Amino acid sequence: MNDILPLTEEQREIRRVAREFARAEIAPYAAQWDEEAHFEPSIVRKLGELGFLGMLIPEEYGGLGLDTTTYLLALEEIAAVDASTAVLMSVHNSLPTQMILDFGNEEQKERYLRPMARGELLGAFALSEPDAGSDAAALRTQAVKDGDCWVLNGTKAWVTSGTEAGVILAMARTDTPHERHGGRGISAFIVTPDMPGFHVGKKEDKLGLRSSPTVQLVFDNLRVPAANLLGTVNAGFTYAMRSLTGGRLGIAAQALGIARAALEHARRYANERQQFGKRIRSYQAIQFKLADMATRVTAARTLLYATAAAKDRGEHVTQYASMSKLLASETAMFVTDEAVQVFGGYGYVKDYPVERLLRDAKVTEIYEGTSEIQRVVIARELYT
Ligand SMILES: Cc1cc2nc3c(=O)[nH]c(=O)nc-3n(C[C@H](O)[C@H](O)[C@H](O)COP(=O)(O)OP(=O)(O)OC[C@H]3O[C@@H](n4cnc5c(N)ncnc54)[C@H](O)[C@@H]3O)c2cc1C
């Protein structure tokens, strides 16, 4: 298909670099990593060397200082080959680095952003808890000031890259158990795994994204220096929600990459597979599937990159970010399901990549706000 997007030379070049990297360094191993639920640490180093872990960080802090569109183009390419690597890249760039950049003080930026941009410190984001998912403001991890430290107690759930992360942006309550203030009683802390009281808990055994480690983090009298409070006390939930607008664009790019890959595999297979003496692409039932898949991928791509451009112009994109994530993730589910159908029985086994794409697609409808929560946000914004 022709490229419908008006891209600059630089954007095309970075997309080409990302595509070649993904094909050479990730594609040959993605199925095996998925099978073995293996996280490959060298990928973080390689992404760091390319600058892909500091794409949105300004050059003065060691990043590439690129715009959102360019970042998402690279992310889409990585996701088209391996959604697990893409989520690592999306979370790192969109959430912890962005939170430090937007809300951190100069000392925190100097200390963390350079090694994060180089891939020496991988970032994670710890908002969810076992009993606080969609209703994240109900989180219970408690932070209490003790001298020049904050002492945190609680369990964070579903932390992407939690086993590998060198910097975790963790949200905890700074109101009191006697006087709760919902989201306005939560602060953000820069946590590192060497702090006393930090423990990695249960590792999740997942349907998809199997080579991305998702874990609980247990804070048992975790002592966080007061200097590692991000911004001001009780503002952490607002910081997390603002960063999630950008995060949702990252997940939309991930979903788009998965959908695009499934379409391409189905397109090629339909051209090769013969039944009843003809290539199956000659049957209208298959043609219509491919047409619907291509149309939805193009719609999701167009909305995503229009939103990215609006974000870079400084416009308010909360609603469009939710729409982009909703459309891209539901497109990924539709397209991967249809791709398995085009492959028939071969789509249901691990000899071809489409069953992995289907398993990986599902989570894009769940994390960084489920599809139901995206609809809540979209509907709410219709009245603001
Ligand atoms: C692989 C993976 C990686 C993740 N990575 C991270 C991470 O790095 N950091 C992090 O903080 N979290 C992470 N998460 C957590 C993720 O964001 C939550 O799973 C998600 O927000 C949903 O929360 P929940 O699982 O508790 O589901 P629940 O909130 O319990 O939802 C259950 C169902 O109820 C629906 N529902 C809930 N409330 C409403 C409502 N008001 N209106 C309509 N429907 C509603 C939901 O849409 C869903 O269908 C990850 C999750 C997964 C699976």
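This one's a predicted model, so the numbers in the text were calculated from it and none came from an experiment. One-based numbering, in listed order, for ligands and for the atoms of each.
Of the charged side-chain nitrogens involved, at least one lies within less than 4.0 Å of a carboxylate oxygen, so that R301 and E76 count as a salt-bridged pair. For the pair E272 and R268, the salt-bridge criterion is not met [side-chain N within less than 4.0 Å of a carboxylate O].
Taking only non-hydrogen atoms, the option from D135, I373, V87 nearest to atom 39 (C) of ligand 1 is I373. Nearest to atom 12 (N) of ligand 1 by heavy-atom distance, out of S128, P213, G369, S212, is S128. Comparing F125, Y367, W158 by heavy-atom distance to atom 5 (N) of ligand 1, the nearest is W158. If you check each of E372, K206, R210 against atom 1 (C) of ligand 1, the one with the closest non-hydrogen atom is K206.
Taking atom 26 (O) of ligand 1 as the reference point, the nearest protein heavy-atom neighbour is G133 CA, 3.2 Å. With hydrogens left out, the protein atom closest to atom 8 (O) of ligand 1 is T160 N, 3.0 Å, a heavy atom. Among all protein heavy atoms, the one lying closest to atom 42 (N) of ligand 1 is V376 CG2, 4.2 Å. In this structure, the protein non-hydrogen atom closest to atom 19 (O) of ligand 1 is I366 CG2, 4.0 Å.
Distances from atom 53 (C) of ligand 1 to the protein include at least one heavy-atom value under 4.0 Å. Protein heavy atoms are found less than 4.0 angstrom from atom 31 (O) of ligand 1. For atom 35 (C) of ligand 1, the nearest protein heavy atom is 4.0 Å or more away.
Annotation: Q274, atom CD; neighbour count of heavy atoms from other residues, nucleotides and ligands within 6.0 Å is above 12.
Considering backbone and side-chain N/O of S134, one or more are found under 3.5 Å from N/O of ligand 1. At a 3.5 angstrom cut-off on N or O pairs, L127 counts as close to ligand 1.
Ring geometry for F343 versus Y269: interplanar angle under 30°, hence parallel rather than tilted (30 to 60°).
Of the N and O atoms on the side chains of N234 and R184, not one donor lies less than 3.5 Å from an acceptor on the other residue. Looking only at atom types and distance, the side chain of S187 has a donor-acceptor partner in the side chain of T174 under 3.5 Å away.
A cation-pi arrangement is present between R296 and F334 under the rule of less than 6.0 angstrom and at most 45 degrees off the ring axis.
Screening R19, R16, R15 for a side chain to side chain donor-acceptor pair (under 3.5 Å) involving E77 leaves a single residue, R19.
Set against the non-hydrogen atoms of T370, the atoms of ligand 1 under 4.0 Å away are 22 (C), 46 (C), 47 (O). Within the listing of ligand 1, atoms 17 (O) sit less than 4.0 angstrom from a heavy atom of E368. The V363 neighbourhood of ligand 1 comprises atoms 1 (C), 53 (C), with distances under 4.0 Å to a heavy atom of that residue.
Within the structure, the closest approach of V91 to ligand 1 does not fall below 4.0 Å when heavy atoms are considered. Judged by the shortest distance from any of its heavy atoms, L209 lies outside the 4.0 Å radius around the atoms of ligand 1.
Centroid-to-centroid, the aromatic rings of F189 and W150 come within less than 6.0 Å.
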Q) side-chain contact (heavy atoms from CB on, under 4.5 Å) between M323 and L303: does it pass, once the steps are laid out? A) CA-CA 8 Å; M323 287 177 173; L303 177 60; 3.9 Å; yes
(Q) Please evaluate residues T214 and T160 with respect to the criterion side chain to side chain donor-acceptor pair (under 3.5 Å), reporting the C-alpha separation (whole Å), side-chain torsions for both, the decisive distance (0.1 Å), and the verdict. (A) CA-CA 5 Å; T214 312; T160 296; 4.9 Å; no
